[in-house]
Amino acid sequence: MARIKADKSTHTARNKSTRFKRVSAWLIAAVAAVSVSSLALGWLQLQSVQRAVGLQLPDTMIGGYSADHVQAVRDELDAPVIERYQSVHYFWDLVFPVAFAALIILLVQRFGGHSPLRWLFYVIAVVYAAVDVAENLALEAAFASVDITASEVAFASFLTTAKFVLFAAAILAFAFSFMLNRPAERASAR
């Protein structure tokens, strides 16, 4: 009788584990779809704004930018282009960082095992999202100000560079967490 109960509890635990993996796989797929589509649509809209302006937008400059460059971009923006640019900042570039951070967290949770480093990887993803949103707000404030100052542009430029660094760090964090889990899985399979 005890053996039947043990077998039943083992079977129930396996079913719960299988169900959890199936649900997490669907959740990861959904969040990945939102992340990829929001990145693609936001990037296409940014490229549309960039073609209208004729200058590289600050959001896309990995190495940073100067106050003169931001002023030159602002001088080229007219009302419809500003509206398109703001829609990137207030929608697409808000959805993408949040979805991307959620995706990294879900992937690390699903494939990263139980390493204590996973909490660091979660933090990297969340900080990336926060910096990306802060960069959007800093750029919007710079474009809305009467006189663009070097200090506000330097802050926005720092956030832009940090955004790209943290994006790469989040991807590397997932890859590293995945590699950390591989030896543990091999050992448990033996």
Side-chain angles (χ1 to χ4, degrees), residues 27-108 120-177:
L27 185 59
I28 288 170
V31 172
V34 169
S35 182
V36 169
S37 61
S38 62
L39 174 65
L41 292 170
W43 185 257
L44 288 172
Q45 200 159 2
L46 267 181
Q47 294 306 307
S48 164
V49 171
Q50 192 163 299
R51 280 192 303 278
V53 171
L55 296 167
Q56 187 173 5
L57 295 175
D59 310 64
T60 63
M61 300 176 75
I62 295 172
Y65 40 85
S66 66
D68 292 335
H69 183 77
V70 173
Q71 182 64 50
V73 170
R74 184 169 79 170
D75 291 344
E76 297 298 320
L77 293 172
D78 59 4
V81 177
I82 287 174
E83 188 176 311
R84 221 177 324 150
Y85 192 36
Q86 287 177 334
S87 75
V88 172
H89 284 165
Y90 293 131
F91 185 72
W92 298 116
D93 211 13
L94 181 63
V95 172
F96 171 71
V98 171
F100 179 75
L103 178 63
I104 292 297
I105 289 169
L106 288 169
L107 288 170
V108 167
L120 173 65
F121 303 149
Y122 297 160
V123 168
I124 290 171
V126 170
V127 170
Y128 160 74
V131 166
D132 197 346
V133 171
E135 175 224 14
N136 296 337
L137 297 174
L139 280 172
E140 285 294 326
F143 282 122
S145 66
V146 176
D147 294 321
I148 295 176
T149 64
S151 62
E152 69 185 348
V153 171
F155 179 64
S157 178
F158 167 76
L159 291 173
T160 301
T161 302
K163 168 185 77 171
F164 285 108
V165 169
L166 287 166
F167 179 78
I171 292 172
L172 289 173
F174 164 66
F176 188 62
S177 72

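Given the structure is predicted, the values throughout are model-derived calculations rather than measurements.
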Please tell me if the side chains of Thr161 and Ile62 come closer than 4.5 Å, counting only heavy atoms from C-beta onward. no
Can you give me the closest heavy-atom contact between Ser157 and Gly64, atom names plus distance? OG-CA, 3.1 Å
Atom pair CD1 (Ile171) and CG (Leu166), whose distance is rounded to the nearest 0.5 Å: 11.5 Å
Sequence neighbours excluded, the answer for ring pair (Phe, Tyr, Trp, His ring centres under 6.0 Å) partners of Tyr65 is none
Backbone N/O of Ala156 and side chain of Thr160: donor-acceptor pair under 3.5 Å: yes
Donor-acceptor under 3.5 Å (Ser87 side chain, Arg84 main chain): yes
Val53 and Glu76 have their tightest heavy-atom pair at CG1-CB, 3.6 Å
Nearest heavy-atom contact between Ser37 and Ala33 is OG-O, 2.8 Å
Those residues that, when tested against Leu94, pass side-chain contact (heavy atoms from CB on, under 4.5 Å) (two or more places apart): Val133
To the nearest 0.5 angstrom, please state how far the NE2 atom of His89 sits from the CD atom of Glu140. 5.5 Å
Is the CD atom of Glu83 crowded by more than 12 outside heavy atoms at less than 6.0 Å? no
Within a 6.0 Å radius of atom CG on Asp147, are there more than 12 heavy atoms belonging to other residues, nucleotides or ligands? no
Any pair counted as ring pair (Phe, Tyr, Trp, His ring centres under 6.0 Å), so long as it reaches residues 141-164, sequence neighbours left out: Tyr85-Phe143
Between atom CG of Leu57 and atom CG of Leu77, what is the distance when rounded to the nearest 0.5 Å? 7.5 Å
For the residue pair Asp132 and Pro97, what are the closest heavy atoms and their distance? OD2-CG, 3.5 Å
Where Val73 and Pro58 come nearest, the two heavy atoms and their spacing: CG2-CD, 4.3 Å
Report yes if the side chains of Glu135 and Asp93 come closer than 4.5 Å at any heavy-atom pair, otherwise no. yes
Under the 3.5 angstrom rule, does the side chain of Ser35 hit a backbone N or O of Phe96 as a donor-acceptor pair? no
Indicate the atoms forming the closest heavy-atom contact of Ala99 with Val31, along with that distance. O-CG1, 3.3 Å
Rounded to the nearest 0.5 Å, what separation is found between the CD atom of Gln86 and the CG atom of Asn136? 11.5 Å
Is there a side-chain contact between Ile105 and Val126, using heavy atoms and a 4.5 Å cut-off? yes
Please check this pair: side chain of Asp59 against backbone of Leu46, looking for a donor-acceptor N/O pair closer than 3.5 Å. no
Among residues at least two apart in sequence or on other chains, which ones pass side-chain contact (heavy atoms from CB on, under 4.5 Å) with Ile104? Phe100, Val108, Ala125, Ala170, Phe174
Roughly how far, to the nearest 0.5 Å, is the OH atom of Tyr122 from the CG atom of Leu106? 8.5 Å
Answer yes or no: is there a donor N or O on one side and an acceptor on the other, between the side chain of His69 and the main chain of Gln56, under 3.5 Å? yes
Could you name each residue pair satisfying side chain to side chain donor-acceptor pair (under 3.5 Å) that touches residues 96-107, not counting sequence neighbours? none
Set of residues satisfying side-chain contact (heavy atoms from CB on, under 4.5 Å) with respect to Ile148, sequence neighbours excluded: Ala67, Val70, Gln71, Arg74, Ser145, Glu152, Val153
